[in-house]
Amino acid sequence: MKTIFQHPPEPENGKKYWRSLDQLAEKPEFNSWLEREFPQGASEFNGDGVSRRNFLKLMGASTALAGIGLSGCRRPELHLVPFTKSVEWAIPGKPLFFATSMPVRRGYIPVILATHDGRPTKVEGNPLHPVSNGGTDGYAQASVLDLYDPDRARFFLVRGGDTGAGAKVFGGGAPPPPFSGGAPLPPSDGGAPLLPFSQSEAAKFDAYLDSLLAGFKSSEGDGLAFLVEENNSPTRERLRGEIAKKYPKTLWSVYEPLGGETAAQADAAAFGAGAQVRPLIDKADVILAIDSDFLGCGDGGVDSVRAFSSRRRVSKPDDKINRLYVVENRYTVTGGMADHRLRIPASHIPAFTQQLAESVAILTGDASLRTLCDSLPKSDAKFTEGWIEETVNDLFAARGKSLVLVGGRQPAAVQLLAHAINAALRSLGKTVVTQAIPGDAAVSTSILELAQAIRDKKVAALFILGGNPVYNAPADLGWATLQQSVPDVVRLGMYEDETSRGAKWHLPAAHYLEAWGDGRSVDGSYVSVQPMVQPLYGGWSELDLLARVAGQPKPQGPELVQETFRAIAKPGDFDAAWNKFLHDGFLAESSAALATPVLDATAATAFLKARATPQTLAGEQQLEVVFVPDNKVYDGRYANNGWMQEMPDPVTRLTWDNAALLSPATARQLGITNTEDKADTLEITLGDNRRIEIAALIAPGHADHSISLPLGYGRGMAGRVCAGAGVNVYPLRTGAQPLVAVGALAKRTGRTYPLAITQQHHSMEGRALFREGTVDQFKEKPDFAQTMWMDAELPAKNPTLYTHPTLDGVHQWGMVVDLNTCTGCNACVIACQAENNTPIVGKEQVISGREMHWMRIDRYFASEDPNDPNPEMVTQPLMCQQCENAPCETVCPVNATVHTEDGLNAMAYNRCIGTRYCANNCPFKVRRFNFFDYNQRPIENHQLYLGPLTKKGTPDTIKMQKNPNVTVRMRGVMEKCTFCVQRIQEAKIAAKVHAGASSDVQIPTDAFKTACQQSCPAEAITFGNIKDPESKVAKLKKEDTRNYRMLAYLNVEPRVSYLARIRNPNMKMPDAKNVGTFEIESKHETKGGAA
Amino acid sequence: MSDAITVAPEERAAVTKVPLVLNNRKTAWITQNISSIVEDKTPFWWWVSFCITAPVALFGVFCIAYQISTGVGVWGENHPVGWAWDITNFVFWIGIGHAGTLISAILFLTRQKWRTSINRAAEAMTLFAVVCAGIFPGIHVGRVWMVWFLAPVPNSYAIWPNFRSPLLWDVFAVSTYFTVSVLFWFTGLVPDLATLRDRAKTPAKKFFFTLLALGWRGSNRQWRHYEMAYLILAGISTPLVLSVHSVVSFDFATSLIPGWHTTIFPPYFVAGAIFGGFAMVLTIMLPARLIYPQLKDMITKQHVDKMAKIILLTGSIVGYAYLMELFVAWYSTNTFEKFTFFHARFSKDGSGYYQWAYWCMMFCNVISPQVFWFKKNRNNLIVVFIVCMFVNAGMWFERFVIIVTSLAQDFTPSMWHHYHPTWVEIWTFIGTFGIFLSLFLLFMRFLPMIAMSEVKIVLPEADPHHTVRNSGVGIEAHH
């Protein structure tokens, strides 16, 4: 076997050095390689001096694949370039950037990975791709930590094992360990344990697979079944087709606990088979979101946040902004952005939509909508008087530019009705379009049908690829038992989790950063997935396994994807096209064509009629439970990610747990109280015997008689991070009512449960920290935000006793945060954590108030009446304000925090002795103290308190994630936001190198971004040189009259300022007078939460 | 004073009827009874006391070692409450350390002769209190092994301490105070150490006291130098009494946190320190009189009465300061000040979490000393002792209220977080009491706890005008 490394092209002039024996020998392979390398890269490199980054991305991407086209007389073993024998252009200490895409439920997110010395360390959005445009969500930011998770599955496990020497079998009474770490894995049914193979023995799986598949050859795959997650990878589709060709009777099931099939059904019923509706949020002037968290983790993505925020950006009072109406049962980030919000139980949403449709039908006189409405039984549910009428009037007034969205949680009929409303409002083709994504439209079965097949003994071998049905399948299926009744279950999973324990074989799965793949983004464009590292634990990707089943050898490289690429891109010059595909991360102009849909009224009516069932509404007598995705762990798939676990929920600020959310009124009715870190627990019973006990958290703005249960928690066995966090609510779910169920019984148990909530006070206490106004206010008084509250009496320049050193460096860093576009999604918080090596501290430390996030999102509730059940919610990101007149600096006795000439409030960790005086004197409370050695000591089970008695050190893989340009802090030192000083320095060094002997050391305008700024899909954060009049940040600070500084009266002169939020209320709405009034001291605000 | 001499004898008797030393004790009796504490067998109650205080002190040391080895996190501090019991205890002990120097220096300069029988013990108490105080700023930092950064040592990086930081001023103020207090205390000890040297019966004691007595022979020349040195040290110490606690108060006053940012702090802190210091002197002296009954003739009810009056005065100053804080907060119309001083202390909603501490402080420091308006109470040692205990607690609460409640709810409500102490910091605090009391017990046992030479000077016999007829009535009492 020989290993092939690749080299960059020759310089155009200068001395010639030979770089390898191949070159010296003038081998034809080498020469041909030289000729064809980097055609487009060369042009980019020559043309633009600043695109060092692009250059590196390109070089990296190309090199990673370079071995592919080459073949010697022996089959080469393909490696990613090992760092120890690297190629010349890899400069130690300089990161390389590679494009790839992260698979998520709604389609792949195009991302760029920063890799340091061969280790991917930081995910960033792909700025070339319109869906991301550089932004990401928190999940994408955190995904790099999953790659290095030491709890990931590392071994091929087989039930019973080959009982080779040294294999230990667990005793019966011992509790199952959170992960096996190579020890035998006790199965869920108490049978023989799953025993590990060493990597070299993985070939045994090959043998097993061959013999298993041999049995299906004759039966055409009868009895062969696959259970997979939603994934639109064309290569997966292709392999599925190949398997189907070989084994035509194969059962192919797709299961997602959060559903998703209802949207497809509604789209098909309304607009014909294959149509996929795509709302154009940026084209809409008036949006009504009905149970649709399109800005958050439910139905949203970076694309919808981007589209929405593009219509929310204002700079002058006469700028037009959109208007958002939200109807939902619990506060979501979408609700927080709403101009008008109606809180109703999720089970009332169908009735609401129906009444809305009727109003629209009357107003527009639309015949199809009329027919649809008439086909439904009349609804007599009551909603706030005037709400529907005025909303409809507004939608009607903006017809053609209005948009009604219904969330995927709602039944297909409700979503269909929304399509019809949009049609009646003449939005089709304007704000609602369809896209046809090419691909195999083979029909998949649901997990319910698969379960039936298993019950009928029709399944002999089941491949479970990803997912975790034992944990998240509908409870009434009894999946764990069903799975055990299948003789051969092969599981491919990232963790040795619940499902693995009931399988015959468990295979470690490769992370998306370790595997080749492809997929489609939400706009249908074809995106690439390429590995950043060799699989750390020898994991297989889904494609690897499918290829093996399809009868091919396990791929060594991108062959499978290349084959698909060839079919989709039909490239003239394959190598060039392929390299560009990898370099860009997507295939140019591959996004799906948009079509103007036409409502098929007949089909829609038939569809509605077939589904018109009497609705049960939640009420005083019967509560509803709503299963919602968790903002931290989604449906459980990110559960073992410490960053996500410790990320405060954008609405409840809860970390490390889920809790039943209920309104203050429902809480009173159930006798639930919350104290600052403890909550009463509820026993929730649904049906006859489905019962859970969960902490109840009082959530202002929640609908009465409704309980929201976030999914994804209560994972005992999938890793050390998620062990013991939260409560599993999946046992309440049935196949028939997977997302909303009415008729739950809840009663207080009398027990309490500790909850780690990072924000305990929900009122701003009349302090105008967050400022907002309405469009009218803004027009009337453009500088309302600057003259509000105490700022009204501020002198133009506050006198000062000290003479401060002048800040006269070339660069003066500053930041502006636009509160009008910030949704509070937390992507920036995780980006900051990833960039700056911020540790997680664990639940118990969060309860103690010691979370380490350098930036936080403050969330406040407000209303005129303290008992208003529907208060406004606002979110405000807060990082170090980099005060020019910093109060932290004067008090530090050892000069550990000082000012730099470019206006940064710098922190010298080496000098810090940890008096904490700076944190005390910080009015924004953004400084974070290392109370323990969070990076060195285990954080679970109070082990931090054992100090030197615990094991010291970080798992090697976790070390690999760290950003080498940022110090990992020890205990006893203070830390805080640095404005990503490492990025500033990098840019400065580049500018100085470029300047050479000249004195032009100024960094080009807006040449780089801070981590938070870069991750923000709403582009709410602007950072730059305020001394440079051309920079965006300088312009915003100077020209935008909404610009204000927090606590300006303290004269600390913060370098961070905020742009006040502008709400756009419809003055005819019943609640209009309460909108956008969140600041005045005389107004009383709700205390929320803890009563 | 010339007018004193012209006063008629019967009037004179009327104003000087209470002698400083009761029962007409003579110099020999004083020497014998004070020296005997050092020379005689250790009394039973001393052992009982020491067997309680020493283990407590050791456990406190263990808590400190645990905290240093494991991290500040073993305490209950958090974001935003970066300082809690650590700095509360520091200020509490530093405050206690004020009475000693005040008694020794200021009362010396103002010729208050009643100071003589309590000044030695009060000075020792000061030193031990400052020792206890010094523990906290040392150990509360995150990286104890780096505290030498606080010292203005020129190093290779040319980084000096930050001279703008009040915490650095603290370092200088406290260390100066401690040094001067030690010198002052030791200077006063020299004549008595010589007495003990002369009375020593074993060679070890003889050697020990000889070493400490620095060759004191009691010559006229030595007395002359001694008194001059003592006067100079008193002069140096006097401004320190005012400066130390003023500087400590700057930690808070120069910051911008509502509840800290208050110009009234320096005088208010000094008054509070004297208030708490005197209460602690009484807290210690009253039981000491029980263990060593012979002290009752020297530490008389007259002393207790005078100290109670000082407590009443300083307590009232402190009370005035508390009310003035409220006034200023109201007058400023500043939202944040008003919240800290009114909402957090008087409202019934969740933001009044620490109200109980505030009202504890108000009762202990302002209400309880008011009983001292009545002589009957001042002369009832049990009442005095109880009030002193209240004052001790109240002064601790005062610092707790200032530090913790201000930090827990400052500018940004999103970061408000309550603070709860852990066993480690509770026991560290209790441990400092162990250290303090153990040191004091050792001091009582091994050094003359009353300044023999000075008490003898205030005896009637020491007065050149002393006559047998006027025995026990010292003219010097109103010098």
Side-chain angles (χ1 to χ4, degrees), chain A residues 676 759-767 769 789-790 845 848-851 856 858-860 876 878 887 889-896 911-917 919-921 923-925 927-933 944-948 970-974 1046-1047 1050 1052 1081 1087 1090, chain B residues 66 69-83 137 140-147 149-150 157 159-162 164-171 251 254-257 260 334-336 339 343 349-351 353 403 406-407 409-420:
Chain A
E676 65 183 55
Q759 185 176 343
Q760 294 172 350
H761 200 83
H762 308 304
S763 156
M764 211 157 59
E765 292 295 337
R767 307 167 174 191
L769 308 174
W789 191 52
M790 291 168 99
Q845 289 292 295
S848 300
R850 294 170 181 170
E851 66 278 2
R856 63 175 198 263
D858 287 349
R859 187 270 295 114
Y860 296 109
Q876 179 178 31
L878 215 75
E889 289 170 11
T890 51
V891 299
C892 174
V894 292
N895 268 327
R911 183 73 185 166
C912 177
I913 62 171
T915 66
R916 306 187 289 291
Y917 198 176
N920 288 344
N921 209 25
F924 308 98
K925 290 287 174 283
R927 287 178 160 263
R928 296 288 174 264
F929 184 67
N930 286 276
F931 283 95
F932 287 110
D933 239 344
L944 286 170
Y945 289 87
L946 298 178
M970 72 176 301
R971 82 168 153 103
V973 301
M974 192 61 74
M1046 261 178 91
L1047 299 173
L1050 287 173
V1052 293
E1081 196 173 359
K1087 287 286 174 286
Chain B
Y66 171 51
S69 65
T70 306
V72 179
V74 302
W75 291 348
E77 282 150 339
N78 55 37
H79 312 120
V81 185
W83 289 348
H140 95 289
V141 301
R143 305 199 299 165
V144 182
W145 48 98
M146 295 295 186
V147 282
F149 285 170
L150 286 166
Y157 301 111
I159 305 172
W160 288 91
N162 179 9
R164 293 182 299 172
S165 169
L167 220 49
L168 191 73
W169 309 342
D170 264 6
V171 172
D251 285 350
T254 62
S255 82
L256 46 67
I257 301 300
W260 286 15
N334 180 309
T335 316
F336 304 103
F339 185 90
H343 199 75
D349 62 20
S351 41
Y353 188 80
I403 293 168
S406 305
L407 286 176
Q409 299 176 325
D410 72 340
F411 295 99
T412 41
S414 65
M415 277 304 286
W416 289 358
H417 201 288
H418 295 147
Y419 154 85
H420 303 279

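Note that these values count all heavy atoms, side chains included, but never hydrogens, waters or copies made by symmetry. So you know, we letter chains A, B, ... as the sequences are listed, proteins then strands, and number each from 1.
- Ranked by non-hydrogen atom pairs under 4.5 Å with chain B, the options A:Ile913, A:Asp858, A:Val891 are led by A:Ile913.
- Of the listed residues A:Met1046, A:Met974, A:Glu889, A:Gln876, the one with more heavy-atom pairs under 4.5 angstrom with chain B than any other is A:Glu889.
- Not counting sequence neighbours, the partners of A:Arg971 by the side chain to side chain contact (heavy atoms under 4.5 Å, CB included) test are A:Asp933, B:Trp145.
- Contact annotation for B:Phe336: both backbone and side-chain heavy atoms come within less than 4.5 Å of a heavy atom of chain A.
- Heavy-atom pairs under 4.5 Å with chain B were tallied for A:Gly947, A:Pro923, A:Ala919; the largest tally goes to A:Pro923.
- Taking the side chain to side chain contact (heavy atoms under 4.5 Å, CB included) definition, one finds that A:Pro893 meets it with A:Thr915, B:Leu150, B:Ser165, B:Leu167, B:Leu168, sequence neighbours left out.
- Residue with the most contacts toward chain A among B:Ser406, B:Ser255, B:Pro137: B:Ser255 (heavy-atom pairs, distance under 4.5 Å).
- The main-chain N or O of A:Val894 is found under 3.5 Å from a side-chain atom of A:Arg911 such that the two form a donor-acceptor pair.
- A 4.5 Å side-chain heavy-atom check between A:Lys925 and B:His79 finds every atom pair outside the cut-off.
- For chain A, the nearby parts of B:Asp251 are the backbone and the side chain; heavy atoms of each come within less than 4.5 Å.
- Looking at A:Arg856, the atoms closer than 4.5 Å to chain B (heavy atoms on both sides) all sit in the side chain, from C-beta outward.
- Interface remark: A:Leu1047 contributes side-chain atoms only to the contact with chain B (heavy atom separation under 4.5 Å).
- Relative to the ring axis of B:Phe149, B:Arg143 does not place its NZ or CZ within 45° and under 6.0 Å from the centre.
- A donor-acceptor pair is defined here as one N or O able to donate and one able to accept, closer than 3.5 Å; no such pair exists between the side chain of A:Arg767 and the backbone of B:Thr335.
- Of the atoms belonging to A:Met970, it is side-chain heavy atoms, and not backbone ones, that fall under 4.5 Å from chain B.
- With contacts defined as side-chain heavy-atom distances shorter than 4.5 Å, the pair B:Asp410/B:Met415 does not qualify.
- Using a 4.5 Å cut-off on side-chain heavy atoms (C-beta onward), A:Gln759 and A:Tyr860 make contact.
- When each of A:Tyr945, A:Phe924, A:Tyr917, A:Phe932 is scored by its heavy-atom pairs under 4.5 Å with chain B, the top score falls to A:Tyr917.
- Top candidate by heavy-atom pairs under 4.5 Å with chain A, chosen from B:Asn78, B:Val147, B:Ile257, B:Ile403, is B:Asn78.
- For chain B, the nearby part of A:Ser848 is the backbone; its heavy atoms alone come within less than 4.5 Å.
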